[in-house]
Amino acid sequence: DLIKSASQGTFIKEVRFLEETESTNKSALTMAYHGAPEGTAVIADAQTAGRGRLGRLWISPPGKNIYVSLILRPAIDPSSASQITLVAGVAVAEMLNTYCPGRIELKWPNDVLANGRKLCGILAESRVTAEKVEYVVVGIGINVNMEPGHFDESIRGIATSIRMEAGAEIPREEVVARLFLSLDRIYRLYLETGFGAIREKWLDCSGMIGKDITVSSPDGLVKGTVVGMGAEGQLMYLHE
């Protein structure tokens, strides 16, 4: 009921709950392909094959976290489709800042950190033609009530949750409701004013400026220092 009341008046028109699915993105992609409208959301209690960027596994136990995918059909240039990941990142970061004020940072292109540890991952997958964006499915995985022992040993030192940061168990439906309201506000801002305002918000919330990074390029791995974000959302860095 809380989620339904929070989504009223937003672009989120339908919420489908699943006890378990391979991944909410996979379910939402199938629905989008078959014509599900913008604003359709898929929420699962657990994922058996949750995915992160570059095909990495996303640990998705039941009863602890939020796994949600949204179908978007933005009227934007196809070359701008990758900006949707950054739009979602800003929305998630602003929502999480209400639970962990002053500790949330965005890491390009799709991670949200708290105190330097991963709290949320975002995975956007799209169907784009030369003429238009058919749809974008944005998957958002937020660690809500995980405790240190719940994480696999391989990521225990680099992952965190809202509960670990806030020191208390948080109702997941409350987090989803706040997430939907934040997504509605930031997505509308993007559609109405363009990427510029999103870029400024992203940079305000990022701890990457001045950081040394290693990036993959056609010439292999290249080291550099982050200096900003380009007008289209690309990370800008100076080569060493």
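Between Y187 and P74 there is a side-chain heavy-atom pair separated by less than 4.5 Å. L179 has its side chain within reach of V68: a pair of non-hydrogen atoms, C-beta onward, lies under 4.5 Å apart. Between I84 and Y190 there is a side-chain heavy-atom pair separated by less than 4.5 Å. Using a 4.5 Å cut-off on side-chain heavy atoms (C-beta onward), I186 and I198 make contact. With contacts defined as side-chain heavy-atom distances shorter than 4.5 Å, the pair L221/V215 does not qualify. Contact check for V112 versus L96: side-chain heavy atoms found under the 4.5 Å cut-off. Proximity of V222 to H239: side-chain heavy atoms (C-beta onward) are separated by under 4.5 Å at one or more points. With a 4.5 Å cut-off on side-chain heavy atoms, M208 and L106 do not count as touching.
Minimum heavy-atom separation, I104 to C100: CG1-O, 3.7 Å. Pairing each heavy atom of G63 with each of D45, the nearest pair is N-OD1, 3.2 Å. Taking both residues in full, the closest heavy atoms of L86 and G233 are given as CD1-O, 3.6 Å, listed atom of the first, atom of the second, then distance. Taking all atoms of both residues into account, the shortest heavy-atom contact from S5 to L2 is OG-O, 2.8 Å. The heavy-atom pair separating A41 from I12 by the smallest distance is CB-CG2, 4.4 Å. Nearest heavy atoms, R188 versus F11: NH2-N, 3.6 Å.
Neither M229 nor M236 shares a network with the other; the hydrophobic side chains, linked directly or stepwise wherever heavy atoms of I, L, V, M, F, W or Y lie under 4.5 Å apart, form separate groups for each. Side-chain heavy atoms closer than 4.5 Å link hydrophobic residues (I, L, V, M, F, W, Y) into clusters, and following such links, even through other members, never connects L238 to I213. Residues I66 and V15 share a hydrophobic cluster, clusters being chains of Ile/Leu/Val/Met/Phe/Trp/Tyr side chains in contact below 4.5 Å. A continuous path of hydrophobic side-chain contacts links I43 to V92 [ILVMFWY only; heavy atoms under 4.5 Å]. There is a path of hydrophobic side-chain contacts, each under 4.5 Å, that joins I3 to V138.
A donor-acceptor contact shorter than 3.5 Å links the side chain of N145 to the backbone of I170. Within the 3.5 Å criterion, the main-chain N or O of V133 finds no donor-acceptor partner in the side chain of R127. For S182 (side chain) and A91 (main-chain N/O), a donor-acceptor pair under 3.5 Å exists by modelled atom type. Of the possible polar contacts, none joining the D184 side chain to the T10 backbone as a donor-acceptor pair under 3.5 Å is found. Counting only distance, with no hydrogens or angles, the side chain of S80 and the backbone of I76 share no donor-acceptor pair below 3.5 Å. Remark: the backbone N or O of A44 is not paired with any side-chain donor or acceptor of E19 at under 3.5 angstrom. Put simply, the side chain of K211 gets close to the backbone of G207: a donor and an acceptor are under 3.5 Å apart.
Residues S69 and N25 bring a donor and an acceptor atom of their side chains to less than 3.5 Å of each other.
The structure places CD of E94 at 9.0 Å from CG of D204, a figure rounded to the nearest 0.5 Å. One distance of note links CD of Q8 with CZ of F180; it measures 13.0 Å at 0.5 Å rounding. Taking CG of N110 as the start and CG of L123 as the end, the distance is 7.5 Å to the nearest 0.5 Å. Summarising the geometry, atom CZ belonging to R199 is positioned 14.5 Å from atom NZ belonging to K201; distances are rounded to the nearest 0.5 Å.
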Check step by step if side-chain contact (heavy atoms from CB on, under 4.5 Å) holds for Y237 and T225. CA-CA 5 Å; Y237 57 93; T225 303; 5.9 Å; no
Evaluate N143 against K118 for side-chain contact (heavy atoms from CB on, under 4.5 Å), listing each step before the verdict. CA-CA 9 Å; N143 296 327; K118 188 167 179 175; 5.7 Å; no
Would E147 and K64 count as a salt bridge (Lys or Arg N to Asp or Glu O under 4.0 Å) if you check the C-alpha gap in whole Å, the side-chain angles of each, and the deciding distance to 0.1 Å? CA-CA 9 Å; E147 297 182 75; K64 297 294 180 185; 5.1 Å; no
Could you please spell out the steps behind the salt bridge (Lys or Arg N to Asp or Glu O under 4.0 Å) verdict for E38 and K13? CA-CA 8 Å; E38 173 165 277; K13 304 304 181 193; over 6 Å; no
Could you walk me through whether R172 and E174 pass the salt bridge (Lys or Arg N to Asp or Glu O under 4.0 Å) test, one step at a time? CA-CA 5 Å; R172 288 183 297 163; E174 174 190 296; over 6 Å; no
side-chain contact (heavy atoms from CB on, under 4.5 Å) for V137 and L70? Distances and angles first, verdict last. CA-CA 5 Å; V137 167; L70 290 159; over 6 Å; no
Residue pair L72, Y135: steps toward the side-chain contact (heavy atoms from CB on, under 4.5 Å) verdict: CA-CA 6 Å; L72 307 179; Y135 53 79; over 6 Å; no
Please list, one pair per line, the donor and acceptor atoms closer than 3.5 Å that link side chains of residues 155-168 to other protein atoms, with sequence neighbours excluded.
unit_1: R156; atom_1: NE; unit_2: P148; atom_2: O; d: 3.2
unit_1: R156; atom_1: NE; unit_2: F151; atom_2: O; d: 3.2
unit_1: R156; atom_1: NH2; unit_2: F151; atom_2: O; d: 2.8
unit_1: T160; atom_1: OG1; unit_2: E165; atom_2: OE2; d: 2.6
unit_1: S161; atom_1: OG; unit_2: M146; atom_2: O; d: 2.6
unit_1: S161; atom_1: OG; unit_2: R163; atom_2: N; d: 3.4
unit_1: S161; atom_1: OG; unit_2: M164; atom_2: N; d: 3.0
unit_1: R163; atom_1: NH1; unit_2: E169; atom_2: OE1; d: 3.1
unit_1: E165; atom_1: OE1; unit_2: R103; atom_2: NH1; d: 3.4
unit_1: E165; atom_1: OE1; unit_2: N115; atom_2: ND2; d: 2.9

Validation: residues 27-37 side-chain donor-acceptor distances under 3.5 Å, sequence neighbours left out:
unit_1: S27; atom_1: OG; unit_2: T21; atom_2: OG1; d: 2.8
unit_1: S27; atom_1: OG; unit_2: S23; atom_2: O; d: 3.4
unit_1: T30; atom_1: OG1; unit_2: K26; atom_2: O; d: 3.1

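Figure legend: R178 and Y99 shown as a cation-pi pair, the cationic atom lying under 6.0 angstrom from the six-membered ring centre and within 45 degrees of its axis.
A 6.0 Å sphere centred on NZ of K4 holds no more than 12 heavy atoms belonging to other residues, nucleotides or ligands.
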